[in-house]
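The chains referred to below are lettered A, B, ... by the order of the sequence lines, with proteins before strands, and numbering in each begins at 1. We use all heavy atoms of the structure for the numbers below, so side chains are in, but hydrogens, waters and symmetry mates are not.
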There are 2 protein chains.
Amino acid sequence: METREPTRPGPRRTVTDQDLVDAALQLLDRGGPDALSVRALAAEVGLTATAVYTYFPTKDAVVAAATDGLLGRAPIADLADRRRPGRDRVIGFALGLRRLLLDHPGAVPLLLRSGFNGPHALAVGEGLLVALADAGLTPDDAARASYLLTTHLLGTVALDVAEPGGADAGGDDARTAVRRAVLENLPGAAFPRTVEAAPVIAGYNSTAQYRWGLERLVDAVGPAGA
Amino acid sequence: METREPTRPGPRRTVTDQDLVDAALQLLDRGGPDALSVRALAAEVGLTATAVYTYFPTKDAVVAAATDGLLGRAPIADLADRRRPGRDRVIGFALGLRRLLLDHPGAVPLLLRSGFNGPHALAVGEGLLVALADAGLTPDDAARASYLLTTHLLGTVALDVAEPGGADAGGDDARTAVRRAVLENLPGAAFPRTVEAAPVIAGYNSTAQYRWGLERLVDAVGPAGA
DNA sequence: ACCTGAACACCGTTCAAGT
DNA sequence: ACCTGAACACCGTTCAAGT
């Protein structure tokens, strides 16, 4: 006696909202932000372009669902694990969310324009507030710290994805080497400090550099300063 | 005997690269990122769409020139003024650049995808390195701090511009009130900390909140911690 | 409710042709 | 060199029509 969830009778539905969200993310992963067109999305799930408007009122609504869906894959379980110190949870989560977004560079430009008002965006914010409160911050300071962490994370990811050559320029080391060569060929008379610091600047996009800022940031807002 | 700069003879040129850059920024200011099309740009300066390709090889090149041109209006003179402490110069500059970008919200999504490799972007980076070195940081720490300040600034501006209602939602106070009402109507069972901190979260986009993070950030990277 | 096909008003870009 | 007009392969979205 197989008990499926109660479905309405009638012809088999072949496509769901979730199918479209998944297909949208796949298109973004494969071809970047410009690859997500209503026509391409429809073809991906075997529909005609106009049928998409049965599921979502506009393309913007599809984009909003897809970008919030991406945030739904953020490691918020890390934030809720009360056996670990709040500070460790925040740092681990931030590193994990950065990794997630850098693994989907095509979605990032759309995410940055999305408003961050979907259910998964709210869940991320709530989780950060919990972990920061556990780290000893007052509710108000936890909110300010959450915003500081978020802007730092999103700004970092935005710059990384905007990098010429983008994500397909090989690994961290290969990108750093390319950046360094460019920086060292700059006119030293006009930009002496930039040329001098080229090795560090070349590594801006590295995980080490993100962690450097993240740790200082967490310590700067923490209760240790109170 | 009027001595104009030597111009070639022949029919009067009516349009320059700079005209197109200025027109692009005006279109972005008036209608947001989607208002900048090659056809609209051409019409703005009295050309046909295809004539634009005489000046720039692609639309992306126009966008790059326009966004870097916007950075050219950043108050880098603030950074170079050696009569003031480095810390004050950095904070004043960051506040000024944030204001500049928020005054041109239509250009921000394009700026965030621009790569920041134009001459004015480089000049901003160089100025930050100078002021941070004057504040007592080592060259390497100045570079890391410059990146931290930049990501924070860009993340802040990105979130601000992405806000539903955007820049045309009245002043800071009006936007905060709207955000607060939305936050307080959230399901308190699912997002208790978010609802609790609603008054602070509603003010995320305020200059006060940006300054809160900026000052902590500057102090966290400063030589005081050494 | 879900889906199709035709259509509208747009895009960025190329090309042949003119001055 | 600068500019035009026609054209190509696309866009997001609407609408009438079908099941």
Going 5' to 3' along nucleotides 8-19 of chain C, which nucleotides have protein heavy atoms under 4.0 Å from the base (write B), which only from the sugar-phosphate (write S), and which from neither (write -)?
-> ---BBBB-----
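Here the separation of dA17(D) from dC2(C), taken at their C1' atoms, is 13 Å to the nearest Å.
Residue pairs meeting the ring-ring contact (aromatic ring centres under 6.0 Å, His included) criterion with at least one partner in residues 181-213 of chain B, sequence neighbours excluded, are Tyr147(A)-Tyr204(B), His152(B)-Tyr210(B).
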Secondary-structure string, 5' to 3', Watson-Crick or G-U under 3.5 Å, | for another-strand partners, for DNA chain D = ||.|||||...|||||.||
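Side-chain contact, Thr16(B) with Asp19(B): a donor N or O sits under 3.5 Å from an acceptor N or O.
Here the side chains of Asp160(B) and Val108(B) are not in contact, with every heavy-atom distance at 4.5 Å or above. With a 4.5 Å cut-off on side-chain heavy atoms, Leu154(B) and Leu101(B) count as touching.
With rounding to the nearest 0.5 angstrom, the CG atom of Leu110(B) is 13.5 Å from the NE2 atom of His104(B). For the atom pair Leu153(B) CG and Arg98(B) CZ, the distance stands at 8.5 Å (nearest 0.5 Å).
For Arg30(A), the CZ atom sits in a packed shell: over 12 heavy atoms of surrounding residues, nucleotides or ligands are nearer than 6.0 Å.
Nearest nucleotide to the side chain of Thr54(B), out of dC2(D), dC2(C), dT4(D): dC2(D).
Rounded to whole angstrom, the span from the CZ atom of Phe56(A) across to the P atom of dC3(C) amounts to 13 Å.
Checked against Val90(B) for a side-chain contact (heavy atoms from CB on, under 4.5 Å), the options Leu132(B), Asp78(B), Leu95(B) give a single hit: Leu132(B).
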